[in-house]
Amino acid sequence: MASAVTEYDTIAAISTPPGEGAISIVRLSGDQAVEIAQKVFKGKDLTKVESHTINYGHIVDPVDGSLVDEVMVSVMLAPKTFTREDVVEINTHGGIVATNKVLQLLIGSGARMAEPGEFTKRAFLNGRIDLTQAESVMDLIRAKTDKAMQVAVNQLDGNLNHLITNLRQEILDSLAQVEVNIDYPEYDTEQLTTKMLLEKAKLVSKNIDSLLKTADSGEILQHGLATAIVGKPNVGKSSLLNRLLDEDKAIVTDVAGTTRDIVEQYVNIDGVPLKLIDTAGVRDTNDKVEKIGVERSKKALKDADLVIVVLDSSRELESDDIQLLEATSGKHRIIIFNKNDLVPVITPETVKQINKDDTILQTSAITNEGIEKIKQTIGHIFNSGIEDSSNNVIITSARQAGLLRQAKENLNDVISGIEAGMPIDLVQIDMTSCWDTLGEITGESYPDELITQLFSQFCLGK
Ligand SMILES: Nc1nc2c(c(=O)[nH]1)N(C=O)[C@@H](CNc1ccc(C(=O)N[C@@H](CCC(=O)O)C(=O)O)cc1)CN2
Ligand SMILES: Nc1nc2c(ncn2[C@@H]2O[C@H](COP(=O)(O)OP(=O)(O)OP(=O)(O)O)[C@@H](O)[C@H]2O)c(=O)[nH]1
Ligand SMILES: [Mg+2]
């Protein structure tokens, strides 16, 4: 792809968020970038300035000569640029009107409006970054916590790319040896080659397993851990939500049935992005509005990654509590004995619906006792999934995870093929498929629609 730099038209977009700011950047990329910028620029001759310089001047409408803005213009010539093409960045005064006017002038002078993600797409198509790095640009922009940011930066740095590239190299080496065996059977026995192939398949499979183990954490880092607070009316769910958020977000009263609708809020707990969901107390009711709330609670419970089951320790257990404990016994859950500032009527020992591996915490939303412990527990549950990951490589996209699972299936076919005594040239086909599948993760081999779809999720100007 050495000539890729000249294959595309020159694109332009506003690369900063829309709205009022001190400075906005209009970015151009393509082999006409400097010439097009020069048509609307009054100052030094941009076609003659040194690469990677920033230049003071004015943007002027080439049609009527009217002054549009006072600007700084960066000129960065290929190949050492974000896209590997010539890049010009016009730093405008950050108003919506002037910035848009600059963009319109560039379009009028021969640039094409960029599609979402098109700058990053070019960085990929021109070979500066692989697909996992392109995906991480998006993760980085959307990161909700420091941890999510760190993972994205590592991926942008190429950590996942290197890991996948190494696995593919392992496969390629083994395939080369199989070729030798097929072409020169006298050189190496088929038995030895088959043994080597089996070992390689098992090794690569093990590596894929440990990557796949991080996918759940990666998904949570991206989208937040959906955590539903459930319990019968009046046990203190909304009070606990407010304590966890450190603000009075949900309404709290002593009337059972206060929360009628779902209350959702993102919060960063010990580095874990949590989507906390307060629900209406679940009970049989004839109240029309409350009934809908109860239905919504049941759905939130079903969809949740983590459930916080709240019991009122100052009251006897009722059938509503028992039903909830039974309904959540298959989920990741934390059981809370709330109101422990009052005289206890039930204790963890007296509740027989509790499993031995359940996490149980005693809290008071009034005195704040146990609230920190809830946060630590959530942080611990989540971070234990991440700590296994080697060099902070975490699978963050469903696309990557899907391909890894597919690659693992290819390897399973290799392994079962060998064990069933299939001829080596047949087994080799599955090993080659695995090599291809892994190549799709980094974008070595990719269908066009995938690329279009992937980059279209980006922001405009990125
Ligand atoms: N003004 C501005 N700031 C920005 C960006 C940008 O495009 N423009 N970036 C956009 O996301 C990020 C920086 N990312 C970048 C990544 C690579 C290269 C680049 O030119 N790489 C070349 C040369 C590196 C070098 O000089 O050593 C290369 O890899 O070949 C530039 C920016 C964040 N800040
Ligand atoms: N003593 C004591 N009272 C509490 C505690 N937590 C909540 N309460 C009180 O219990 C009552 C109900 O609290 P809420 O937080 O509204 O309970 P809820 O579970 O959200 O109730 P619904 O929304 O009706 O399902 C309020 O009067 C709270 O002040 C606690 O730990 N100790
Ligand atoms: Mg409530």
Side-chain angles (χ1 to χ4, degrees), residues 5 13-16 23-29 51-52 54 72-91 114 117 119-123 126-129 133-134 136-138 140-141 153 156-158 229-244 248-263 277-283 285 287 289-290 293-294 296-297 308-315 320-321 324 336-344 361-371 374 458-459 461-462:
V5 166
I14 301 171
S15 288
T16 40
I23 296 167
S24 292
I25 298 180
V26 184
R27 185 157 58 168
L28 280 160
S29 179
S51 182
H52 290 75
I54 190 158
M72 298 283 279
V73 179
S74 308
V75 174
M76 293 160 282
L77 302 179
K80 285 200 158 186
T81 69
F82 182 70
T83 54
R84 287 258 162 103
E85 302 172 339
D86 289 350
V87 171
V88 173
E89 291 182 348
I90 303 174
N91 296 248
F119 291 93
T120 312
K121 183 178 178 180
R122 289 191 176 190
N126 292 329
R128 193 179 66 79
I129 53 175
Q133 289 169 303
S136 70
V137 169
M138 202 56 194
L140 192 55
I141 293 170
V153 170
L156 181 59
D157 213 35
I229 307 178
V230 301
K232 76 178 176 207
N234 224 29
V235 293
K237 298 179 294 301
S238 300
S239 306
L240 286 170
L241 173 96
N242 290 344
R243 289 282 92 68
L244 289 169
D248 287 338
K249 169 97 181 167
I251 301 167
V252 170
T253 74
D254 56 4
V255 179
T258 298
T259 306
R260 296 302 186 92
D261 203 352
I262 304 273
V263 179
I277 308 157
D278 180 23
T279 64
V282 175
R283 65 168 168 186
T285 172
D287 182 298
V289 179
E290 196 182 346
V294 169
R296 291 194 180 167
S297 298
I308 299 180
V309 183
V310 185
L311 305 174
D312 180 344
S313 62
S314 71
R315 283 163 58 194
D320 289 327
D321 297 305
L324 264 174
I336 305 259
F337 281 71
N338 192 37
K339 305 198 185 182
N340 86 336
D341 51 299
L342 303 176
V343 180
L361 298 173
Q362 286 166 302
T363 66
S364 166
I366 300 291
T367 67
N368 240 354
E369 199 189 322
I371 304 296
I374 301 180
F458 275 59
C459 329
K462 193 63 221 181

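Start at 1 and go down the list; that is how both ligands and their atoms are numbered. As the structure is a prediction and not an experimental result, all values here were calculated from the model.
The protein atom (non-hydrogen) at minimum distance from atom 1 (N) of ligand 2 is D341 OD2, 2.9 Å. Among protein heavy atoms, atom 6 (C) of ligand 1 sits closest to E89 OE2, 3.4 Å. The shortest contact between atom 21 (N) of ligand 1 and any protein heavy atom is with T81 O, 3.7 Å. Nearest protein heavy-atom contact of atom 29 (O) of ligand 2 is V252 CG1, 3.9 Å. Counting only heavy atoms of the protein, atom 2 (C) of ligand 2 lies nearest to I366 CG1, 3.2 Å. Looking only at protein heavy atoms, the nearest one to atom 21 (O) of ligand 2 is N234 N, 3.0 Å. From the protein, the heavy atom lying nearest to atom 8 (N) of ligand 2 is K339 CE, 3.7 Å. Of the protein's non-hydrogen atoms, the one nearest atom 6 (N) of ligand 2 is N338 ND2, 3.2 Å. Scanning the protein for heavy atoms near atom 17 (O) of ligand 2, the closest one is G236 N, 3.2 Å. With hydrogens left out, the protein atom closest to atom 26 (O) of ligand 1 is K80 CD, 4.1 Å, a heavy atom. Atom 16 (O) of ligand 2 has its closest protein heavy atom at T253 O, 3.4 Å. Of the protein's non-hydrogen atoms, F82 CD1, 5.0 Å is the one closest to atom 13 (C) of ligand 1.
For ligand 2, one of its N or O atoms has an N or O atom of V235 under 3.5 Å away. Ligand 2 has an N or O atom lying under 3.5 Å from an N or O atom of G257, backbone or side chain. Looking at ligand 2, you'll find an N or O of T258 within less than 3.5 Å of one of its N or O atoms. The shortest N or O to N or O distance between T363 and ligand 2 is not under 3.5 Å. An N or O contact shorter than 3.5 Å links R27 to ligand 1 by distance.
The closest approach between any non-hydrogen atom of H52 and ligand 1 is not below 4.0 Å.
For ligand 2, the atoms lying closer than 4.0 Å to a non-hydrogen atom of V255 are 24 (O). Every atom of ligand 2 with a heavy atom of D254 under 4.0 Å away is listed here by number and element: 27 (O). Those atoms of ligand 2 with a heavy atom of S364 less than 4.0 angstrom away are 31 (O). Close approach of ligand 2 to S239 (heavy-atom distance below 4.0 Å) involves ligand atoms 6 (N), 7 (C), 13 (O), 14 (P), 15 (O), 28 (C). Taking a cut-off of under 4.0 Å to the non-hydrogen atoms of G281, the atoms of ligand 2 that pass are 25 (O). Annotation for ligand 2: atoms under 4.0 Å from non-hydrogen atoms of A365 are 6 (N), 30 (C), 31 (O). Of all atoms in ligand 1, listed by their number and element, those nearer than 4.0 Å to a heavy atom of K462 are 10 (C), 11 (O). Interface of S238 with ligand 2, defined as ligand atoms under 4.0 Å from a residue heavy atom, comprises 15 (O), 18 (P), 20 (O). Close approach of ligand 2 to K237 is summarised as follows: ligand atoms under 4.0 Å from at least one heavy atom of the residue are 15 (O), 17 (O), 18 (P), 19 (O), 20 (O), 21 (O), 22 (P), 25 (O).
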Checklist entry - Please walk me through it: do T363 and N338 pass side-chain hydrogen bond (donor to acceptor under 3.5 Å, both in side chains)? => result CA-CA 5 Å; T363 66; N338 192 37; 2.9 Å; yes

Checklist entry - Can you check side-chain contact (heavy atoms from CB on, under 4.5 Å) on V88 and V73, steps first, answer last? => result CA-CA 7 Å; V88 173; V73 179; 3.5 Å; yes

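In this structure, T81 contributes its side chain and L77 its backbone to no donor-acceptor pair below 3.5 Å. Listed for the R128 side chain is a donor-acceptor partner under 3.5 Å among the backbone atoms of F82.
Shortest non-hydrogen contact noted between S74 and I54 is OG-CD1, 3.5 Å. Here the shortest heavy-atom pairing between I23 and T16 reads O-CG2, 4.4 Å. Considering every non-hydrogen atom in both P233 and K237, the closest pair reads CA-NZ, 3.9 Å.
Between T259 and T279, the closest side-chain pair of non-hydrogen atoms is not below 4.5 Å.
Between the CE atom of M72 and the CD1 atom of I25 there is a distance of 11.5 Å, given to the nearest 0.5 Å.
Heavy atoms of other residues, nucleotides or ligands lying less than 6.0 angstrom from CD1 of I251 number 12 at most. Annotation for R296: atom CZ does not count as buried by contact number, only 12 or fewer foreign heavy atoms lying within 6.0 Å. Heavy atoms from other residues, nucleotides or ligands lying under 6.0 Å from CD1 of I141 number more than 12.
Under the side chain to side chain contact (heavy atoms under 4.5 Å, CB included) rule, I308 has a single partner from I336, D278, I277, L361, which is I336.
Residue R128 touches ligand 1 through its side chain alone, judged by heavy-atom distances below 4.0 Å.
Residues D320 and R283 are not paired through a salt bridge, judged by the lack of any N-O separation under 4.0 Å between the basic side chain and the carboxylate.
Metal site remark for the Mg ion (ligand 3): T279 contributes no N, O or S atom at a distance under 2.8 Å. The Mg ion (ligand 3) lies at 2.8 Å or more from every N, O or S atom belonging to N234.
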